[in-house]
Amino acid sequence: MTQPHAAPETPAAGIPGGTALALTPVDELQRHLTARLAGAARAWLDQALDEAAAHPGIHGPISVWELRLAEAGRRCGSDHADAARVLILHAAHADMDALTRVYSQGTAAERRAVLHALPHLLPGPDALPLVEDALRTNDTRLLAAAVGPYAARHLTPHHWRHAVLKCLFTGVPVAEVADLERRAHADAELARMLGDYAAERTAAGRPVPQDLHRVLALTEPGPPRHSAADPHGKES
Amino acid sequence: MRIFDPHIHMTSRTTDDYQAMHAAGVRAVVEPSFWLGQPRTSPATFLDYFDSLLGWEPFRAAQYGIAHHCTLALNPKEANDPRCVPVLDELPRYLVKDQVVAVGEIGYDSMTPAEDTALAAQLQLAADHELPALVHTPHRDKLAGLRRTLDVVRESALPPERVLVDHLNETTVKEAKDSGCWLGFSVYPETKMDEQRMVAILQQYGPEQVLVNSAADWGRSDPLKTRKVADLMLAEGFTQDDVDRVLWRNPVAFYGLSGRLVLDVAETEATTHEGNSILRGGE
């Protein structure tokens, strides 16, 4: 399986992608994106954000901002589409109903944007069904987007442990898992699951993923090796 | 050799096929929505299918370095089932999606009034969404079906240079070419076209506006037929440039009419993936 693109180590450094889209403040994301878009794409995005702000919410079978969300890839280019979509969702003040509609009617790229936008838009756990839907898929791009800061904040321990294990199964780098260090710390059940998985791989004569050892080390009790105050919630 | 299969139903194929296709040179596919073999009974099952063509299938293709786009429509056969027809009302919100490069496959199956209505309505949808159209020609009563298809195209808002008529053969190629439409040929193990007849048609009519596809699906079909046609073209004296034109540049030009074709896929495990694109080709 191909590995999905890894997020940059520092979200604000390169072009934001992966978990960085969920961690970077929206105004910073917008500055970053507009500085990188060519003239026509930048004008399109400015207009799309203005329209979304002027007519937020759901209107008829498809709102104008939902149309913009759908065409963001061909307007901004695939490298910038995820960020553009997060900004449009934010400008439209997408609430739970709107996010659910966009997710359920969206392409994989639109679904990914909804997942990245969740921590920017919703304080509570209402959107967990969307995260859990993404975690049921085998699309590594969706899985990587599902294990961002919203999942770190709200997923139940059982679902969160299975999400980590699924990353190991499907080859999503655990660097994508937001707040991994804090949630894995002293998690004896996660340690058991990782140990069992390693034993199963070994019994089959297959290699144990390097990331498994990395997570296993984080599950040890005692004082954490690093401060959990990392503003981006990413381990080094 | 780079190959673009402009009509293949990957939903019905295994992941091993993607691997074999990549090894044969396939770097891009278009998957038209079609009849799944088992009749559908509601619009909801179309929506799950469309979602798959916009989600899971492009992901699966990308694992093997193949760019995946789709064409969406109510297919000719199920246009006759009133339980399915309401999906036409759902199509507009799908036709705006980034990876949709045409309306299709539309056209005739049994040439009924219901098929007339669905074909005309969907040609209009294509015009409304600035998309080209992929038009299937019927397997039974083919020449009459082609003529009726071209009549409906002429009466539509879509100019012929934005229409691909597919599943052509020796009996329909001339009238299709005279219409100004793009010409599609499906190469199958037993039915439709075969490699030898395909090369003979290319020798007689030339490579202009011609697209060759495997149309591989759940039936007896072969996803490597595009490569086999390319190999026979070379053996019969066509140049590498002719092959590239028929099997890459023509499909890029036709589906490029949508303005949505992105022939840019992350590399597979064989090489680095970060920021590396293998295909910025085409015209």
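Below, chains carry the letters A, B, ... as their sequence lines are ordered, and counting in each starts from 1.
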Presence of salt bridge, B/K97 and A/E110, under 4.0 angstrom | yes

Going by heavy atoms in the side chains, are B/D51 and A/R111 under 4.5 Å from each other?
-> yes

Does atom CD of B/E161 have more than 12 heavy-atom neighbours from other groups under 6.0 Å away?
-> yes

Heavy-atom distances under 4.5 Å only: say whether A/A81 touches chain B with side chain, backbone, both or neither.
-> neither

Measure the CD-OG1 distance between B/Q63 and A/T140 for me, rounded to the nearest 0.5 Å.
-> 5.5 Å

Should the pair A/R68-B/D98 be classified as a salt bridge under the 4.0 Å nitrogen-to-oxygen rule?
-> no

Engaged part of A/R75 at the chain B interface, taking heavy atoms whose separation is under 4.5 Å | neither

Say whether, by atom type as modelled, one donor and one acceptor occur between the side chain of A/D139 and the main chain of B/W56 under 3.5 angstrom.
-> no

More than 12 heavy atoms of other groups within 6.0 Å of B/E130 CD = no

Okay, A/T137 and chain B: the region with an atom under 4.5 Å from a heavy atom over there is neither

Beyond-backbone contact of B/Q99 with A/T107, side-chain heavy atoms, under 4.5 angstrom = yes

At what distance, to the nearest 0.5 angstrom, does CD of A/Q105 lie from CG of B/L54?
-> 12.0 Å

Which heavy atom in A/A108 sits nearest to a heavy atom in B/G55, and how many Å separate them?
-> CB-CA, 3.8 Å

Verify the neighbour count for atom NE2 of A/H55: are there more than 12 heavy atoms of other residues, nucleotides or ligands below 6.0 Å?
-> no

